[in-house]
There are 2 protein chains.
Amino acid sequence: MQPALDMNRTESDAPATERPQYELIELLFFAYRDFVGDPDRILAAYGFGRAHHRVLHFVHRNPGLTIAALLDILKITKQSLNRVLKELLEQGFVEQRAGVNDRRQRLLYPTARGRALADDMARLQTRRIARALEEAGPGSREAAARFLEAMIEPAERPSADRLVHGGRDEDEAQ
Amino acid sequence: MQPALDMNRTESDAPATERPQYELIELLFFAYRDFVGDPDRILAAYGFGRAHHRVLHFVHRNPGLTIAALLDILKITKQSLNRVLKELLEQGFVEQRAGVNDRRQRLLYPTARGRALADDMARLQTRRIARALEEAGPGSREAAARFLEAMIEPAERPSADRLVHGGRDEDEAQ
DNA sequence: CGGTTACGTCAGTCATGTTGACATATTTCA
DNA sequence: TGAAATATGTCAACATGACTGACGTAACCG
């Protein structure tokens with residue numbers, strides 16, 4: 001059903017079968033905008049930003065995470081991480097303990113306060129997701145997960161999967 | 001169909017119906033990170049950033065857009081918009097024409113150069129999406145669209161829908 | 001003991017967002 | 001017609017969260 005295909009493209013060789021996916025491109029933009037907008041309101045009350053949220057989230061989900069592992073997840077520089085991490089430490093949302101095998105490592109753990117804040121934000125985002133899944137009908141959870149998983153850069157999937165599916169309490173709450 | 005639920009809790013006693021959706025929360029984070037990472041490489045060559053991409057994208061998809069409409073889509077201030085828009089105008093990626101009915105308005109149109117750049121970036125993102133849909137199997141496009149649509153803040157859906165589904169060439173390329 | 005590793009930190013820069021105030025052209029309405 | 005409202009542009013100051021580059025310190029490892 002595709003006639004003449006596009007000429008002057010610079011990127012290798014897109015066949016005409018790849019009509020622009022404007023719908024999904026834009027839906028991703030709007031959905032993500034509102035998805036991250038939820039926690040912003042809570043964060044503002046603490047003088048925190050999205051960077052703090054991301055750090056706290058992954059520390060919460062992976063207690064004992066090292067600095068190096070966190071840098072690899074967030075794909076930012078240690079200087080960037082350090083600024084927000086320092087604030088989370090000073091204000092008692094995260095704490096460090098020396099590594100057991102390797103005492104150079106600073107293992108990161110959420111405090112009770114940190115867990116409470118992380119839970120609050122996860123709850124907000126969970127509400128939005130739960131409403132969306134209900135609205136999108138049965139099977140939408142698995143379908144959405146399959147699609148999003150496949151959107152991740154293949155080289156990054158092993159480490160992403162380890163985090164996403166290898167977290168604690170995979171099938172029991174607390 | 002919900003049994004008695006949440007009264008006044010702020011934390012730590014979510015009903016079992018709302019177990020944290022960590023999987024989708026994290027998949028959204030990783031998928032979006034890589035999704036917006038694609039155009040970054042192209043943009044860097046022009047000295048542009050993601051802000052330029054967003055402006056160019058929506059102007060490309062909605063030629064004749066006004067400043068006010070663009071501000072409403074992006075949800076940023078006119079000062080923020082102006083900085084990147086000025087660069088896109090100066091470097092000939094976008095052009096302005098006075099409104100026909102209302103000559104105060106500056107209608108925004110992509111130039112040939114602007115269309116080429118927007119197409120390049122859309123093509124990259126389309127590739128990632130197309131691969132993901134293939135991998136996620138039949139029906140995944142519709143399922144993903146339903147889910148993402150439902151993730152958008154309800155109050156924003158009318159305007160988002162108008163953009164997403166009301167754009168030009170809804171079923172013919174060029 | 002010397003080299004490497006894990007992490008911290010100082011200093012400067014850039015991109016992108018914000019608020020507030022004010023200017024200019026045009027339209028609308030009493 | 002003249003005053004108010006609207007659409008846009010712009011100046012200035014500031015916050016956040018990225019970046020690079022350089023250097024310091026403690027701990028591990030061979």
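Because the structure is predicted, anything quoted here is derived from the model rather than measured.
- Using a 4.0 Å cut-off, some side-chain N or O of Gln96(A) falls inside it from OP1 or OP2 of dG8(C).
- Atom CD of Glu134(B) has 12 or fewer neighbouring heavy atoms from other residues, nucleotides or ligands inside a 6.0 Å radius.
- Among the nucleotides dA25(C), dA6(C), dG8(C), the one closest to the side chain of Arg104(B) is dA25(C).
- The CG-C1' distance, from Asp72(A) to dA6(C), rounds to 14 Å in whole Å.
- For a distance-only test at 3.5 Å, the side chain of Arg106(A) fails to qualify as a donor-acceptor partner of the base of dA26(D).
- One atom, CG of Leu43(B), and another, P of dA18(D), lie 18 Å apart when rounded to the nearest Å.
- Summary of the strand contacts: Ala68(A) and Arg50(B) both lie near DNA chain C, and taking for each the nucleotide with the nearest heavy atom, the more 5' one is attributed to Ala68(A).
- Following rounding to the nearest Å, Leu71(B) (CG) and dA7(D) (P) show an atom-to-atom distance of 11 Å.
- Nearest heavy-atom pair across Glu153(A) and Asp34(B) is N-OD2, 2.8 Å.
- Contact annotation: Ser80(A) side-chain N/O to dC19(D) OP1/OP2 distance is under 4.0 Å.
- Following rounding to the nearest Å, Asn101(B) (CG) and dT8(D) (P) show an atom-to-atom distance of 13 Å.
- What separates CG of Leu81(A) from C1' of dT16(D) is a distance of 15 Å, to the nearest Å.
- Taking atom CG of Leu107(A) as the reference point, atom C1' of dA27(D) lies 14 Å away to the nearest angstrom.
- Annotation for Glu23(B) and Val164(A): closest pair CG-CG1, 3.6 Å, computed over non-hydrogen atoms.
- In this structure, CG of Leu65(B) is placed 14 Å from C1' of dA7(D), rounded to the nearest angstrom.
- Residue Arg54(A) has its side chain nearest to dG17(D) when only dC19(D), dG17(D), dC22(C) are considered.
- Closest approach to the Ile76(A) side chain among dA18(D), dT18(C), dC7(C) is made by dA18(D) (side chain taken as heavy atoms from C-beta onward).
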Next item on the list: Decide side-chain hydrogen bond (donor to acceptor under 3.5 Å, both in side chains) for Gln21(B) and Arg141(A); before the verdict, give the C-alpha distance in whole Å, the side-chain angles of both, and the deciding distance to 0.1 Å.
Entry: CA-CA 10 Å; Gln21(B) 294 280 1; Arg141(A) 198 190 120 90; 2.5 Å; yes
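- No close placement of the Phe35(B) and Tyr32(A) rings is indicated, their centers lying 6.0 Å or farther apart.
- Between Gln79(B) and dG20(C) there is no side-chain polar atom (N or O) within less than 4.0 angstrom of OP1 or OP2.
- Mapping Gly47(A) and Asn82(B) onto DNA chain D via the closest heavy atom, the residue that lands nearer the 5' end is Asn82(B).
- Pairing each heavy atom of Ile76(B) with each of Leu71(B), the nearest pair is O-CD2, 3.6 Å.
- Distances from the side chain of Val84(B) to the nucleotides dA7(D), dT18(C), dT16(C) place dT16(C) closest.
- Taking 3.5 Å as the limit, the base of dG8(C) and the side chain of Lys86(A) contain no donor-acceptor pair of atoms between them.
- A straight line from CD of Glu87(A) to P of dA15(D) spans 13 Å, rounded to a whole angstrom.
- One finds no side-chain N or O of Thr77(A) lying less than 4.0 angstrom from the OP1 or OP2 phosphate oxygen of dA18(D).
- Residue His52(A) has no polar side-chain atom (N or O) positioned under 4.0 Å from OP1 or OP2 of dT16(D).
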